[in-house]
Amino acid sequence: MSRPVEPLIVGRVIGDVLDSFIPSIEMSVTFNNKQVFNGHEFYPSTVATKARVEIQGGDMRTFFTLVMTDPDVPGPSDPYLREHLHWIVTDIPGTTDATFGREVVSYEIPRPNIGIHRFVFVLFKQKRRQIIRSPSSRENFSTRDFAAENDLGLPVAAVYFNAQRETAARRR
């Protein structure tokens, strides 16, 4: 069952981060039992711990790579440092979750400073269990280039949430 990509187009995820693709796998992303839906806002304090990312497709012999980035660094009006890498997990077996995969880049807590940032989870289907090259830096990361360098092809699922700097008053 494929999800429509319209929210990814409207939110400029397709264009800024990804090329157009047809979703073919269901992916569920939750923080503290709160599911991520395209464009919904989460407070940084809510996303301080790793998300639970479940893959509802494939089988135990099918492997996936998960990438999480922020394309709005340092701020959405002038994202000249696009993208900032927050997390990479590879070799996730189908029908399981990210805890069953191999963490290549550890989870980094989102800390947006200027404006509202998008945080994008992208899932790629691997052709086989493989060694994924770890990027040299979290800064100026490119999801497209990473997928090409590791022969991952187009994504099979993606979802994003918005977050902005959390003031002390908003934490109450």
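Residues take their numbers from the sequence shown, with the count starting at 1. Here the structure is a predicted model, which means the values were calculated and not measured.
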Closer than 3.5 angstrom, by distance alone: can the side chain of E83 be matched with the main-chain N or O of T143 as a donor-acceptor pair?
yes
Examine I88 and F63 and state if one hydrophobic cluster contains both, with Ile, Leu, Val, Met, Phe, Trp and Tyr joined whenever side-chain heavy atoms are less than 4.5 Å apart.
no
Is there side-chain contact between D72 and R82, with heavy atoms separated by less than 4.5 Å?
yes
Is there a path from V73 to Y160 through hydrophobic residues (I, L, V, M, F, W, Y) whose side chains come within less than 4.5 Å of each other?
no
Just by modelled atom types, is the R111 backbone N or O under 3.5 Å from a matching donor or acceptor in the R165 side chain?
no
Single-linkage hydrophobic cluster, 4.5 Å side-chain cutoff, M68 and F100 together:
no
Smallest separation among heavy atoms of G58 and T95, with atom names
O-CG2, 3.3 Å
Give the intermediate values and the outcome of side-chain contact (heavy atoms from CB on, under 4.5 Å) for residues T49 and N32.
CA-CA 8 Å; T49 57; N32 301 320; 4.1 Å; yes
State, yes or no, whether a side-chain contact exists between V5 and P23 at a heavy-atom distance under 4.5 Å.
yes
L81 vs N140 side-chain heavy atoms within contact, under 4.5 Å:
yes
Which residues pass the salt bridge (Lys or Arg N to Asp or Glu O under 4.0 Å) test with K125, not counting sequence neighbours?
none
Steps toward side-chain contact (heavy atoms from CB on, under 4.5 Å) verdict (Q164, E41)
CA-CA 8 Å; Q164 59 186 309; E41 184 169 353; 3.0 Å; yes
Which atom names give the shortest non-hydrogen contact between V13 and V120, and what distance separates them?
CG1-CG1, 3.8 Å
N/O donor-acceptor pair under 3.5 Å between S137 side chain and E139 backbone:
yes
Taking F31 as the starting point, is it possible to reach V89 by hopping between hydrophobic residues whose side chains are less than 4.5 Å apart?
yes
Could you check if a side-chain atom of T69 sits within less than 4.5 angstrom of a side-chain atom of V122, using non-hydrogen atoms only?
no
One pair to check against side chain to side chain donor-acceptor pair (under 3.5 Å): T62 and D59. What are the steps and the verdict?
CA-CA 5 Å; T62 310; D59 58 42; 3.1 Å; yes
Mind telling me whether W87 and Y107 have parallel, tilted or perpendicular rings, with 30° and 60° as the class edges?
perpendicular
Could you label the plane-to-plane angle of the F161 and F121 rings as parallel, tilted or perpendicular, counting under 30° as parallel and over 60° as perpendicular?
tilted
Judged by atom type as modelled, is there a donor-acceptor pair below 3.5 Å linking the side chain of Q130 to the main-chain atoms of N150?
yes
Please report the C-alpha distance between I14 and D19 in whole Å, then the side-chain angles of each, then the deciding distance to 0.1 Å, and finally whether the side-chain contact (heavy atoms from CB on, under 4.5 Å) criterion is met.
CA-CA 6 Å; I14 291 179; D19 293 326; over 6 Å; no
Can you name the residues that form a ring pair (Phe, Tyr, Trp, His ring centres under 6.0 Å) with H86, not counting sequence neighbours?
H84, F119
Can you tell me how far apart CG (L154) and CZ (F124) are? Round to the nearest 0.5 Å.
8.0 Å
ILVMFWY network linking F146 to F21, side-chain heavy atoms under 4.5 angstrom
yes
What one should report as the nearest heavy-atom pair of G153 and A147 is O-CB, 3.8 Å
Considering non-hydrogen atoms only, spot the tightest contact between A158 and N38 and give its length.
O-OD1, 4.3 Å
